[in-house]
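Each chain gets a letter, A, B and so on, in the order its sequence line appears, and its residues count up from 1. This structure is a prediction, so every number in the text was calculated from the model and none was measured.
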Protein chains: 2
Amino acid sequence: MKKSDRSVTIKDIAREAGVSISTVSFAFNGTAPVAQETKERIFEVIKRLNYQPNSAARGLVTRKTNNICLFTPHPASDFFSFSGNSVFSDLLQGIGDVLDQRDYNLLIAWDNLGHKAKTPKLVKLMRERAMDGVLIALPSHDSSVIEELSEHQFPMVIVGTNDRKNQINSVDVDNYDIGYRNTKHMLGLGHSRIAFISPGPLEFLVCEDRLEGYRDALQEAGIKYREDYVFIGDEKEHSGYRAASSFLSLKETPTAVVSGRDIQAVGVLEYARENGLSVPNDLALISFENTELAQKYNITSSTTDLYEIGKEGAKLLHKVLTRKKDRSAQNVVIASELIIRSSCGAKPKS
Amino acid sequence: MKKSDRSVTIKDIAREAGVSISTVSFAFNGTAPVAQETKERIFEVIKRLNYQPNSAARGLVTRKTNNICLFTPHPASDFFSFSGNSVFSDLLQGIGDVLDQRDYNLLIAWDNLGHKAKTPKLVKLMRERAMDGVLIALPSHDSSVIEELSEHQFPMVIVGTNDRKNQINSVDVDNYDIGYRNTKHMLGLGHSRIAFISPGPLEFLVCEDRLEGYRDALQEAGIKYREDYVFIGDEKEHSGYRAASSFLSLKETPTAVVSGRDIQAVGVLEYARENGLSVPNDLALISFENTELAQKYNITSSTTDLYEIGKEGAKLLHKVLTRKKDRSAQNVVIASELIIRSSCGAKPKS
DNA sequence: CTGAAAGCGCTTACAG
DNA sequence: CTGAAAGCGCTTACAG
């Protein structure tokens, strides 16, 4: 192990196999025909010496790194805490499954606020060509970084709500539509006083979309949108609790709640329990995500399959990376399904 | 934007600034003295043209990639589900904070079982020199991959329990000691029938360590270790519930439980509530991790600061990467603190 | 303080 | 089917 400081290179293989380095390259990459006999000799040596081409050298000439970056334009803490457990790991897993299979490495990066002086990390990664393409998770309105990559036509796919449809590739469920349909579902059950809990700050596009779906469904039903029926929650159960508390202290209390995420719905349930309210009789409840929580607490919820989003996002990026001519942006919509459980079931009292 | 297909290179800067490429390199990297005036001219051009050295070209000669890999020798799903939400994001954040500051990129990889035919991902990354070093999370007994990297003296740090102390760098809390002290705490309160819930399969070294600490504390107190007082749980609350149910159906029921992780303790609490048992009067409870759950449910728990582990792990790896001569392996122990809450407080009934 | 040149380890025309 | 040569974009002795 003393001399293994110096890795084995293509020259070593060539010498040992008695051929030129081009032939080794052709054989290894299958990029030109090589005599069967020669090929066998070469591969024997490759195996014996544990040869693996140096990625920097190869990348220098091919202009590819085989690195894909998963990026989120937020401080890591915000991203992870907003996403919650399963959400993030599901997304990562979907991405990872595809990249593994196609032999890409996964880089992970986020915006380091506080370092605002330096060039943003993602821009640096692009300029120094440290990655071939990027998956953007949880985009927000302020997207100067995305803009910059976009100007340079850097390959990217947004996994999540996309502000600029038809300009940038994206994969997501249709949060607007789910918001719309969840609300519609409550309207269909006879509710007219329907409140909404945002899954997080409206700065996150996904939150805005869900809210707008809610708003438009109300409007279509001729119901006025009221500010006091909207609560901006966060990723904690307690924000659902506080939302419920806020709604139910109004003069005219809502009879139904469209919760922005399952864990908030759990908070609503908790408040209802403590205050002797029956769900769905006193308060009907519907949510987004359909996580394990929804199942555990019997909450009606619309699926948002993050694994699928990750998988399709990675696939799309790979497609972009391997096709010759650029085509117009593609916006993939992952189907969502409403899983009906007891929390929304009954007609309202009034 | 038409001609930006071709990135700007060091040649462009040299030409534009009227100097040689070596001088540009010296100025940019501060690696040799450059006349103030020349320097200014060069940096003006660099700024104007948005120059950033190509990482592959640079890496080819420096033999550094500035990529660090966070690796776990498990399928991603196992890793994430075992770790749970905050655990993983805390670790990642600690690592990220350090890496950000020191200008490393973070690669993330896991073992793709099912692909057992191919060379393991991490070995491939090492051989093709796609990363400078690796942080290993959640190591297990079967560590042929770690062994291989270790033989090649590839820079690595284990963030988590380390099987081969004093051979491989590592950073962790002392899980054995916490297991020992948690158990000791219960003994000190007068308990003698103390059960243990493993946080996961013993295949994970962290689980084994916690269990051994428990076992040794008992032994030291002259109490016999009983198999039926040990339950192998998992990352789900329900495993705590099942553990409690199993313990309390024994002929001789335990009066205290050392829970392997907070969420299991919550499961124990749930079982106790359903069965009219008082905690801590009928069953005293102590746990590991001290997550938000411990606070919410008033569970006595020992801290395991994953953020700190990640941070120190990244720091140690950076140290290994930048020092000239190798020194012997270093094993950093992160301090743990026992946070006493009501779940353990009272003396046992018997 | 500055430049010309070699070389890092590959791939890819080009010629045969 | 195979090899010699150029070149990817840098860094780093070496000379001056």
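A salt bridge links K121(A) to D100(B): at least one charged side-chain nitrogen sits closer than 4.0 Å to a carboxylate oxygen. Checked for salt-bridge contact, E16(A) and R48(A) meet the test: a charged N lies under 4.0 Å from a carboxylate O. Between R63(A) and D132(A) there is no salt bridge, since no side-chain nitrogen of the basic residue lies less than 4.0 Å from a carboxylate oxygen of the acidic one. Using a cutoff of 4.0 Å between basic side-chain nitrogens and carboxylate oxygens, E312(B) and K319(B) are not scored as salt-bridged.
The side chain of A57(B) has dC10(D) as its nearest neighbour among dC10(D), dG3(D), dG9(C). For A35(B), whose side chain is taken as the heavy atoms from C-beta onward, the closest listed nucleotide among dG9(D), dC10(C), dT2(C) is dT2(C). With distances taken from any side-chain atom of T38(B) to the nucleotides dC1(C), dT11(C), dC8(C), the minimum falls on dC1(C). Picking from dT2(D), dG9(C), dC10(D) the nucleotide with the shortest atom distance to the side chain of R63(B) gives dG9(C). Side-chain atoms of V61(A) lie closest to dG7(D) of the nucleotides dT12(D), dG3(D), dG7(D). The side chain of T9(A) sits closest to dG9(C) out of dG3(D), dT12(D), dG9(C).
Taking atom CG of L60(B) as the reference point, atom P of dA6(C) lies 17 Å away to the nearest angstrom. Look at CD1 on I21(A): it is 15 Å from P on dT2(D), rounded to the nearest Å. What separates CZ of F28(A) from C1' of dC10(C) is a distance of 12 Å, to the nearest Å. For R15(B) and dG9(D), the CZ to C1' distance is 14 Å, given to the nearest whole Å. I10(B) places its CD1 atom 14 Å from the C1' atom of dT2(C), with the value rounded to the nearest Å. Straight-line distance from the NZ atom of K11(B) to the P atom of dA4(C): 13 Å, rounded to whole Å. To the nearest angstrom, P of dG9(C) lies 16 Å from CD1 of I46(A). The distance between atom CZ of F26(A) and atom P of dC14(C), rounded to the nearest whole Å, is 13 Å.
One finds the CD1 atom of I168(A) at 4.5 Å from the OG atom of S150(A) (value rounded to the nearest 0.5 Å).
Remark: N29(B) is in phosphate contact with dT11(D), judged by side-chain N or O atoms under 4.0 Å from OP1 or OP2. Proximity of S22(A) to the phosphate of dT2(D): no side-chain N or O atom is located under 4.0 Å from OP1 or OP2. Close to dG3(C), at under 4.0 Å from its OP1 or OP2, lies a side-chain N or O of S20(B). For S25(A) and dT11(C), the shortest distance from a side-chain N or O to OP1 or OP2 is below 4.0 Å.
dA15(C) and dT2(D) make up a base pair, with Watson-Crick or G-U wobble contacts both under 3.5 Å.
Residue P53(B) is in sugar-phosphate contact alone, with no base atom involved, counting any heavy-atom pair closer than 4.0 Å across all strands shown.
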Q: May I have the step-by-step check of side-chain contact (heavy atoms from CB on, under 4.5 Å) for I136(B) and M156(B), ending in yes or no?
A: CA-CA 7 Å; I136(B) 314 250; M156(B) 71 183 161; 4.2 Å; yes
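Between V24(B) and Q36(A), it is Q36(A) whose nearest contact on DNA chain D lies nearer the 5' terminus.
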